[in-house]
Asker: 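Mind looking over this structure? Questions follow.
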Amino acid sequence: MIIASWNVNSISVRLAHVLNWLQDNHPDHLCLQELKCLDEKFPHQAFAELGYKAHVLGEKTYNGVAIISKKSQGESEHPVLLKATSKSLSGFPEPIQSRIMAVEIPLSQDRLLLVDLYVPNGSEVGSEKYAYKLAWFERLNAYIKNELTVYDKVVVVGDFNIAPDDLDVHDPDLWRDQVLCSKLERAVFNDLLGLGMIDSFRSLTAEGKHYSWWDYRQFAFKRNAGLRIDHVLISNALAPSLQRAWIDKNPRTLDKPSDHAPVLVDLAL
DNA sequence: ATGGCACACCTTGTGTGA
């Protein structure tokens, strides 16, 4: 089972890239972030034509997440069950933004919870938005902690807007204590891992210089001046199933790209 | 210290992102 996550920075601008990428990579599930569109403007038909069904939590102008799942052959009912969205989760800091969605995926003998995140950016350390980000992440950790009492197999993906370690940063001195790299952000991220989750990419790749986001400015992609802020976390119970974890830089080389690249795992399920 | 670049929006500037 291939699960992917991609911050597309506007689904309407990036639709052709996403459709082409789906046809080339045919993941079982693709989690999107930063749709920047209302539910009713989401291009459901284009995905249906490729054999995919989308669950969408949109919002005007900002945020927005979707989980796009391959339809099973010969099944009239879409098997993936929507479990939770920002709107249905109580306790997330106000105002409620379209930043989280969870679906239950049936397995032959079991089931898996897949959670798609667009973590707040945080603006700058010490700002109101930074406090909101930390509060949001702490609420996320409480939610995941509870779900881990219900599900053994949990996958949490998305744009975390946190580079977990200096190894995930092209220039650690430039980014020292800046937003995305600060100690408190890394601490809440590590708290999530401490609940029993594994950073799939880092568990299989020890070296640095692998990033998932590059600024549009200053030829950052060409210089590989990036950050690894998009992640696929898997629960401990899934560790024996992890075959591969990787970042697909190819879409970032295209014209009018998202500033993020897709991140993926292959699980033997 | 600033802006670079991209995107959405009742658009000709502003807010947000990372």
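Computed from a predicted structure; not experimentally measured. Protein chains get the first letters and strands the later ones, always in sequence-line order, with residue 1 at the start of each.
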Asker: Under 4.0 Å between a side-chain N or O of A:R14 and OP1 or OP2 of B:dC7?
Answerer: yes
Asker: What's the gap between B:dT11 and B:dT16 when it is taken at their C1' atoms, as a whole Å value?
Answerer: 16 Å
Asker: Counting any heavy atom closer than 4.0 Å, what does A:E34 reach on the DNA or RNA strands: base, sugar-phosphate only, or nothing?
Answerer: sugar-phosphate
Asker: Report yes if a side-chain nitrogen or oxygen of A:K129 is closer than 4.0 Å to either non-bridging phosphate oxygen (OP1 or OP2) of B:dG17; otherwise report no.
Answerer: yes
Asker: Step through it carefully: locate the ring centre of A:F42, locate the ring centre of A:F47, and say whether they are under 6.0 Å apart.
Answerer: yes
Asker: Starting from C1' on B:dC7, measure out to CG on A:N7 and report it in whole angstrom.
Answerer: 12 Å
Asker: What integer distance in Å separates A:F160:CZ from B:dG17:P?
Answerer: 18 Å
Asker: Nearest whole Å is fine: how far is B:dC7 C1' from A:Y118 OH?
Answerer: 11 Å
Asker: Between A:D165 and A:D168, is there a donor-acceptor pair closer than 3.5 Å when you use the side chain of the first and the backbone of the second?
Answerer: no
Asker: Please check the phosphate of B:dC7 (OP1 and OP2 only) for any side-chain N or O of A:S10 closer than 4.0 Å.
Answerer: no
Asker: Can you measure A:K133 atom NZ to B:dG17 atom P for me and round it to whole angstrom units?
Answerer: 10 Å
Asker: Could you tell me how far B:dG3 sits from B:dA18 if I compare only their C1' atoms? Round to whole Å.
Answerer: 15 Å
Asker: Taking atom P in both B:dC10 and B:dA6, what distance in whole Å separates the two?
Answerer: 23 Å
Asker: Looking at A:K256, I'd like to know whether one of its side-chain N or O atoms comes within less than 4.0 Å of OP1 or OP2 on B:dC7.
Answerer: yes
Asker: To the nearest 0.5 Å, what is the distance between CG on A:L180 and CH2 on A:W175?
Answerer: 5.0 Å
Asker: How close or far is atom P of B:dC7 from atom NE2 of A:H260, stated in whole angstroms?
Answerer: 12 Å
Asker: Is any side-chain N or O of A:S12 closer than 4.0 Å to OP1 or OP2 of B:dA8?
Answerer: yes
Asker: Name the residue closer to the 5' end of DNA chain B, choosing between A:W213 and A:L35 according to the nucleotide with the nearest heavy atom.
Answerer: A:L35
Asker: Would a distance-only check, ignoring hydrogens and angles, find a side-chain to backbone donor-acceptor pair under 3.5 Å from A:K133 to A:N121?
Answerer: yes
Asker: Send over the distance from A:R252 CZ to B:dA18 C1', rounded to a whole Å.
Answerer: 12 Å
Asker: Does B:dC9 have OP1 or OP2 under 4.0 Å away from a side-chain N or O of A:K60?
Answerer: no
Asker: NA contact type, A:N121, heavy-atom cut-off 4.0 Å: base, sugar-phosphate, or nothing?
Answerer: base
Asker: Between B:dT12 and B:dT2, how far apart are the P atoms? Round to whole Å, please.
Answerer: 25 Å
Asker: Have a look at A:I234 and tell me which of A:V155, A:D199, A:V156, A:I3 forms a side-chain contact (heavy atoms from CB on, under 4.5 Å) with it.
Answerer: A:V155
Asker: To the nearest Å, give me how far apart CZ (A:R176) and C1' (B:dA18) are.
Answerer: 18 Å
Asker: Need one value for A:N63: base, sugar-phosphate or nothing, where a base atom within 4.0 Å counts as base even if backbone is also close, heavy atoms only.
Answerer: nothing
Asker: Less than 6.0 angstrom separating the ring centers of A:F201 and A:H231, yes or no?
Answerer: no
Asker: For A:D177 and B:dA18, what is the distance between atoms CG and P respectively, to the nearest whole Å?
Answerer: 20 Å
Asker: Using a cut-off of strictly less than 4.0 Å, decide whether A:N161 has a side-chain nitrogen or oxygen near OP1 or OP2 of B:dA18.
Answerer: yes
Asker: Name the pairing partner of B:dT12, where a pair is Watson-Crick or G-U wobble with both distances under 3.5 Å, or state none.
Answerer: none
Asker: Establish, with yes or no, whether the OP1 or OP2 oxygen of B:dT16 is under 4.0 angstrom from a side-chain nitrogen or oxygen of A:S123.
Answerer: no
